[in-house]
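Structure first, commentary second.
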Amino acid sequence: MLELTTEYGRVCVGSTEELFAEAARLGGAAWAAAPRGRFAWALTGGSTPKAWYRWCVDQRALPAETIAETHWFVSDERCVPLASDDSNFGNAQRQLLEPLEMPVGNRHPWKVALGPEVAAEGFPAELWRVAGPGRGFGLCFLGLGNDGHTASLFPGSPLLSAAALAEAAAPHFAAVEVPGKGWRLTITPAGLRACDQIVVMATGAAKAAAVERVFRGIEEVSAVPAKVLRSCAERMTWLLDEAAAARL
Ligand code: 6PG
């Protein structure tokens, strides 16, 4: 696996197997670095994580203590029931948490039934009961959209306006209505900065343009939202396969 140091943090370029193994290793390391019983791991949505979930289950890749003691979240969510195929936490639960018999009490889905704004308002308290007041996730998984979005921070998001980015006490999580996608729940730039470690995994040729826009482009954060991660560079790991890194 090729490793690069960039202004956006550590970049690993390798095979899918190498990336999956590194993601699991980073999870175990983040668990070991966290205070006992206070490790909050946020998974993410989309198709990339589903392949990693299958790999983790097939390879029994997560250590027993990680399985027993990690508190599971997702860094963003759609406002749909857990049973929906669109539910990020629902997919993580069906494809990783249940097969590995993760303790039910350590599973923390967004409370979407309360409605987007109430769910977003109540989310930090549940995380802080685990991680400690004002703390972020011990490890936050993210993906990268073909348009450069990450979590549910999409191009043009009000959460990426100059005012929002400059807000001193910006919320760590928010509900945001995304044109054409409905209401989303998401970690915000302030929430990302509160995380101890962040991992972005992106694979496939369709990600190459977004990777190039993030790492080499001169567009604003509001146009290429994943550029917001530059402010988290010292805690970032980007896991890219060769196709996604082709224009890096
Ligand atoms: C979501 C995700 C989203 C995802 C990217 C990449 O809720 O859809 O959080 O940000 O990570 O869209 O998705 P793929 O891995 O499917 O390309």
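Start at 1 and go down the list; that is how both ligands and their atoms are numbered. Below, all heavy atoms of this structure are taken into account, side chains as well, without hydrogens, waters or symmetry copies.
At a threshold of 4.5 Å between non-hydrogen side-chain atoms, the residues Arg25 and Phe20 do not count as touching. Looking only at side-chain heavy atoms (C-beta outward), Leu192 and Cys140 come within less than 4.5 Å of each other. When side chains are defined from C-beta on, Arg184 counts as touching Asp76, because their heavy atoms get closer than 4.5 Å. With a 4.5 Å cut-off on side-chain heavy atoms, Leu2 and Cys12 do not count as touching.
Looking at Glu22 and Arg10, a side-chain N of the basic residue comes within less than 4.0 Å of a carboxylate O on the acidic one, giving a salt bridge. Look at Glu219 and Arg213 and you find a salt bridge, because one of the NZ, NE, NH1 or NH2 atoms lies within 4.0 Å of a carboxylate O, short of that distance. Here Asp241 does not pair with Lys207 in a salt bridge; the nearest charged N to carboxylate O distance is not below 4.0 Å. With salt bridges taken as basic N to acidic carboxylate O contacts below 4.0 Å, one links Glu126 and Lys111.
What sits closest to atom 13 (O) of ligand 1 on the protein, heavy atoms only, is Gly46 CA, 3.8 Å. With respect to atom 5 (C) of ligand 1, the closest heavy atom belonging to the protein is His149 NE2, 3.4 Å. Of all protein heavy atoms, the one closest to atom 15 (O) of ligand 1 is Thr48 OG1, 2.6 Å. Arg78 NH2, 2.6 Å is the protein heavy atom nearest to atom 8 (O) of ligand 1. Asp76 OD1, 2.6 Å is the protein heavy atom nearest to atom 9 (O) of ligand 1. Residue, atom and distance of the protein heavy atom nearest to atom 17 (O) of ligand 1 are Lys207 NZ, 2.5 Å. Nearest protein neighbour of atom 10 (O) of ligand 1, counting heavy atoms only, is Ala151 O, 2.6 Å. When only non-hydrogen protein atoms are considered, atom 16 (O) of ligand 1 lies nearest to Ser47 N, 2.6 Å.
The shortest N or O to N or O distance between Ser152 and ligand 1 is not below 3.5 Å.
Under 4.0 angstrom from ligand 1, the non-hydrogen atoms of Asn88 all belong to its side chain. Under 4.0 angstrom from ligand 1, there are no non-hydrogen atoms of Glu77.
At least one heavy atom of Arg184 sits closer than 4.0 Å to an atom of ligand 1.
Of the candidates Ala226, Ala206, Gly143, it is Gly143 that places a heavy atom closest to atom 11 (O) of ligand 1. Between atom 6 (C) of ligand 1 and the options Leu144, Leu185, Asp147, the minimum heavy-atom separation is to Leu144.
The aromatic ring centres of Phe73 and Trp41 sit 6.0 Å or more apart.
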